[in-house]
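Here the structure is laid out as structure tokens; the discussion comes afterwards.
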Amino acid sequence: MRILFALAVSLGLAIAGFVTGAVPRDAQAQMLSEFSPEQVRQAFTQAGLTDVSMGARGTNVTVMGRDRSGLTLVAVLMMCAEGRRCLGLEMQYVFSLPPGKTATLNSVNTFNRKYNFAKAHVSSEGMVRLTRYLISDYGISFGNLVSNIRNFVAMPPRLLNEVKLVDSPSS
């Protein structure tokens with residue numbers, strides 16, 4: 001009887017995890033020796049991104065998803081061999097600052113030093129490119145990949161809160 005009860009509880013937890021989209025602990029611990037488009041797509045979904053899709057950028061495969069703020073996060077699989085086995089993953093946001101605004105170079109550099117796992121570039125026209133590069137050399141767990149994505153999704157608001165915005169130069 002106890003075995004049947006334990007099986008019923010286990011099955012219920014497994015179904016609950018499937019329905020809620022939770023990834024079982026053993027899947028979180030799964031070591032990836034490379035990035036595949038499907039694994040990155042699953043990690044985007046697990047990290048809470050919506051409208052997740054796959055595409056191409058030149059010869060590279062991309063995975064795209066929308067965060068809660070409506071910005072699109074693009075992950076480009078890089079350093080690929082044998083088709084789609086890739087050792088590198090570049091995540092990037094590209095968006096505009098408020099119209100007529102740009103950021104001071106000093107404040108962008110301060111942000112880059114403070115958050116050295118992400119890099120921001122702001123053009124004089126107010127276009128922002130925020131990037132983060134991951135490698136799978138010698139392995140990365142699936143859970144760590146999801147955590148990296150979640151951390152990076154938090155970067156655009158942090159950047160906007162920390163940089164000093166000034167009027168864009170007029171021509």
Side-chain angles (χ1 to χ4, degrees), residues 17-99 101-103 108 111-112 115-163 165 168:
F18 178 76
V19 170
T20 63
V23 174
R25 189 175 258 328
D26 60 334
Q28 292 285 351
Q30 174 193 4
M31 291 302 288
L32 309 175
S33 60
E34 62 209 17
F35 298 110
S36 75
E38 183 56 31
Q39 290 165 332
V40 175
R41 185 196 66 74
Q42 289 173 0
F44 266 43
T45 301
Q46 191 64 41
L49 294 155
T50 60
D51 302 325
V52 178
S53 63
M54 290 187 270
R57 180 174 287 174
T59 59
N60 295 2
V61 175
T62 61
V63 178
M64 295 158 281
R66 194 166 304 280
D67 68 19
R68 287 190 179 118
S69 73
L71 291 176
T72 299
L73 174 59
V74 177
V76 182
L77 285 86
M78 306 185 79
M79 299 297 297
C80 303
E82 299 177 27
R84 297 162 72 127
R85 295 179 44 206
C86 305
L87 296 176
L89 183 69
E90 182 183 47
M91 296 187 292
Q92 55 187 294
Y93 277 108
V94 177
F95 58 94
S96 298
L97 292 177
K101 296 291 184 183
T102 191
V108 172
F111 173 86
N112 285 335
Y115 299 100
N116 57 9
F117 50 84
K119 292 295 173 233
H121 174 267
V122 180
S123 73
S124 60
E125 295 81 30
M127 289 300 298
V128 177
R129 183 170 186 265
L130 190 58
T131 63
R132 182 173 188 158
Y133 191 77
L134 303 174
I135 61 170
S136 64
D137 299 26
Y138 303 105
I140 181 172
S141 72
F142 180 80
N144 191 271
L145 174 59
V146 172
S147 180
N148 271 277
I149 294 167
R150 285 183 180 143
N151 289 333
F152 190 61
V153 165
M155 289 293 99
R158 284 187 182 147
L159 175 70
L160 294 175
N161 285 334
E162 296 201 21
V163 298
L165 296 181
S168 296

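Residue pairs that meet the side chain to side chain donor-acceptor pair (under 3.5 Å) test with at least one member in residues 54-65, sequence neighbours left out, do not exist here. Applying the salt bridge (Lys or Arg N to Asp or Glu O under 4.0 Å) test to every pair with at least one member in residues 127-149, sequence neighbours left out, gives these pairs: E90-R129. Among pairs with a residue in residues 69-80, those fulfilling side chain to side chain donor-acceptor pair (under 3.5 Å) read R66-T72, D67-S69, at least two apart in sequence or across chains.
Residues P37 and V63 share a closest heavy-atom pair of O-CG2, 3.8 Å. Across L130 and A120, no two heavy atoms sit closer than the pair CD1-CB, 3.7 Å. The shortest heavy-atom contact between T131 and Q92 is CG2-CB, 3.9 Å. Minimum heavy-atom separation, I135 to F35: C-CE1, 3.9 Å. Nearest heavy atoms, S33 versus L87: O-CD2, 3.6 Å. Across all non-hydrogen atoms, the minimal contact from G88 to Y133 is CA-OH, 3.3 Å.
Contact of the V122 side chain with the L97 side chain is registered, since non-hydrogen atoms from C-beta on lie closer than 4.5 Å.
In this structure, CE on M91 lies 5.5 Å from CD1 on I149, to the nearest 0.5 angstrom. In this structure, N148 CG and L89 CG are separated by 9.0 Å, a value rounded to the nearest 0.5 Å. Rounded to the nearest 0.5 angstrom, S147 OG and Q46 CD are separated by 11.5 Å. In this structure, the separation between CD on Q39 and CD on Q42 is 7.0 Å, given to the nearest 0.5 Å. Here the straight-line distance linking atom SG of C86 with atom CE of M79 works out to 10.0 Å at 0.5 Å rounding.
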Side chain to side chain contact (heavy atoms under 4.5 Å, CB included) between V153 and L71, worked out: CA-CA 9 Å; V153 165; L71 291 176; over 6 Å; no
Check the pair L145 / L32 against side chain to side chain contact (heavy atoms under 4.5 Å, CB included), numbers first and verdict last. CA-CA 9 Å; L145 174 59; L32 309 175; 4.0 Å; yes
Mind running side chain to side chain contact (heavy atoms under 4.5 Å, CB included) on F95 and L159 for me, showing each step along the way? CA-CA 12 Å; F95 58 94; L159 175 70; 4.3 Å; yes
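For F111, the ring-ring contact (aromatic ring centres under 6.0 Å, His included) test picks out Y115, with sequence neighbours left out. Partners of K101 according to the salt bridge (charged side-chain N to carboxylate O under 4.0 Å, His left out) rule, which considers only residues two or more places apart in sequence or in another chain, are D167. Applying the side-chain contact (heavy atoms from CB on, under 4.5 Å) criterion to T45, with sequence neighbours excluded, gives R41, V52.
The 12-atom threshold is exceeded at CE of M64, counting heavy atoms of other residues, nucleotides or ligands nearer than 6.0 Å.
Checked by atom type and distance alone, the side chain of T102 never pairs as donor or acceptor with a backbone atom of E125 at under 3.5 Å.
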